[in-house]
Amino acid sequence: MSDPSTAATGILGWNERIIAEFRANAGFAAWSSDEEFAAGRPVPPPVPGFGGDRGMPLILVHHTGAKTGHARISPLFYLPVGDSWAVFATHGGSPRHPVWYRNLLVNPRTVIEVGTESAGTESVPVVARTTEGAERERIWAAQTALVPKFAEFEAVSGRQIPVVLLERDHGRAEIPPLSGK
């Protein structure tokens, strides 16, 4: 059995590497490396169809711990949806929602970092909301067509994967909470 502190250091080190690469490469990062797999670190597997020389296009979602109040950053796959970004609470097929999703349920107003061709990266204030019905199905179908592994994650998780839309925050006074499905 692995030492939990080593596993935590591994995933934290992985996160820090992804964040640094994202910022250095205008929103792109190598999701996993051969060295990480060889070391047995708990990193997500490579996703077919993405990668190449630039790495994978990602966004960084800043969120505040629902219980701790600590600031956190999660690198996530995304799908552009108009002027917004959809992210997917797959948690690698776990039956539980990822921490970032639970945090956004409590604190939906946040900031994301996105890659830009001209400026490297940009911080964008957003409001998170869980999509439902036809909107969710349309976005989910588009994402699983691009990354079929996400459909596998949903099948093994035993839950419907939440699709969260991160919409630009234009200073609305009232922010509706995410539905906690």
Side-chain angles (χ1 to χ4, degrees), residues 11 14-15 17-34 36-37 42-63 73-105 108 110-124 126-168 178-179 181:
I11 198 68
W14 175 84
N15 225 29
R17 178 187 63 78
I18 296 292
I19 291 167
E21 283 188 31
F22 171 94
R23 289 176 175 157
N25 297 311
F28 288 82
W31 192 249
S32 303
S33 70
D34 293 338
E36 287 166 326
F37 285 116
V43 297
V47 176
F50 289 94
D53 294 341
R54 293 183 72 188
M56 300 182 62
L58 303 170
I59 62 172
L60 301 182
V61 177
H62 293 245
H63 50 100
I73 302 173
S74 294
L76 300 175
F77 290 102
Y78 72 96
L79 181 69
V81 178
D83 194 30
S84 302
W85 300 262
V87 292
F88 309 89
T90 64
H91 202 34
S94 169
R96 295 186 353 229
H97 295 310
V99 171
W100 64 261
Y101 175 72
R102 295 191 310 265
N103 289 343
L104 289 176
L105 287 172
T110 192
V111 172
I112 63 172
E113 292 178 59
V114 298
T116 65
E117 290 298 322
S118 61
T121 62
E122 172 187 9
S123 293
V124 179
V126 296
V127 178
R129 71 173 174 86
T130 302
T131 61
E132 297 178 348
E135 179 185 39
R136 185 228 179 250
E137 294 309 315
R138 178 180 47 80
I139 296 169
W140 182 248
Q143 181 65 11
T144 57
L146 288 171
V147 186
K149 187 77 172 169
F150 278 33
E152 293 175 34
F153 288 156
E154 185 170 68
V156 300
S157 73
R159 63 186 173 89
Q160 184 179 61
I161 301 298
V163 175
V164 177
L165 199 58
L166 303 167
E167 299 173 301
R168 287 182 186 268
L178 287 172
S179 63
K181 292 183 178 183

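Sequence positions, counted from 1, serve as the residue numbers for this chain.
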Notebook entry, point to check: Taking only residues two or more places apart in sequence or in another chain, which ones pass salt bridge (Lys or Arg N to Asp or Glu O under 4.0 Å) with Arg138?
Noted result: none
Note to self: Would you say the rings of Phe88 and Phe153 are close, in the sense that their centroids are separated by under 6.0 Å?
What the structure shows: no
Note to self: Using 0.5 Å steps for rounding, measure from the OG1 atom of Thr121 to the CD1 atom of Ile112.
What the structure shows: 11.5 Å
Note to self: To the nearest 0.5 Å, what is the distance between CH2 on Trp100 and CG on Leu105?
What the structure shows: 9.5 Å
Note to self: My understanding is that only residues two or more places apart in sequence, or in another chain, count here; which of them pass side-chain contact (heavy atoms from CB on, under 4.5 Å) with Val156?
What the structure shows: none
Margin query: Checking Glu137 now: which residues fulfil side-chain contact (heavy atoms from CB on, under 4.5 Å) with it, not counting sequence neighbours?
Written below: Gln160
Note to self: Tell me every residue that passes side chain to side chain donor-acceptor pair (under 3.5 Å) with Ser74, counting only those two or more places apart in sequence or in another chain.
What the structure shows: His63
Check: Of the non-hydrogen atoms in Asn15 and Ile73, which two are nearest, and what is the gap between them?
Finding: ND2-O, 3.2 Å
Margin query: Can you list everything that forms a side chain to side chain donor-acceptor pair (under 3.5 Å) with His62? Sequence neighbours excluded, please.
Written below: Glu113
Next item on the list: List in chain and number order the residues that pass salt bridge (Lys or Arg N to Asp or Glu O under 4.0 Å) with Arg159, two or more places apart in sequence or in another chain; answer none if no residue qualifies.
Entry: none
Checklist line | Member of Thr90, Val61, Thr130 meeting the side-chain contact (heavy atoms from CB on, under 4.5 Å) criterion with Tyr101 | finding: Thr130
Checklist line | salt bridge (charged side-chain N to carboxylate O under 4.0 Å, His left out): pairs with one or both residues in residues 79-98, sequence neighbours excluded | finding: Asp83-Arg168
Check: At their closest point, which heavy atom of Pro75 faces which heavy atom of Leu58, and how far apart are they?
Finding: CB-CD1, 4.4 Å
Next item on the list: For the pair Ile59 and Leu166, evaluate side-chain contact (heavy atoms from CB on, under 4.5 Å) and give the outcome as yes or no after the intermediate values.
Entry: CA-CA 11 Å; Ile59 62 172; Leu166 303 167; 3.7 Å; yes
Notebook entry, point to check: Listed by chain and number, what are the side chain to side chain donor-acceptor pair (under 3.5 Å) partners of Trp85, not counting sequence neighbours?
Noted result: none
Checklist line | Glu122: side-chain contact (heavy atoms from CB on, under 4.5 Å) partners, not counting sequence neighbours | finding: Val114, Thr116, Val124
Item checked: Donor-acceptor contact present, side-chain Thr131 to main-chain Val163, <3.5 Å -> yes
Note to self: I'd like to check the side chain to side chain donor-acceptor pair (under 3.5 Å) partners of Arg136; sequence neighbours left out, ordered by chain and number.
What the structure shows: Glu154
Item checked: Ser157 versus Ile161, closest heavy-atom pair with distance -> OG-CD1, 3.9 Å
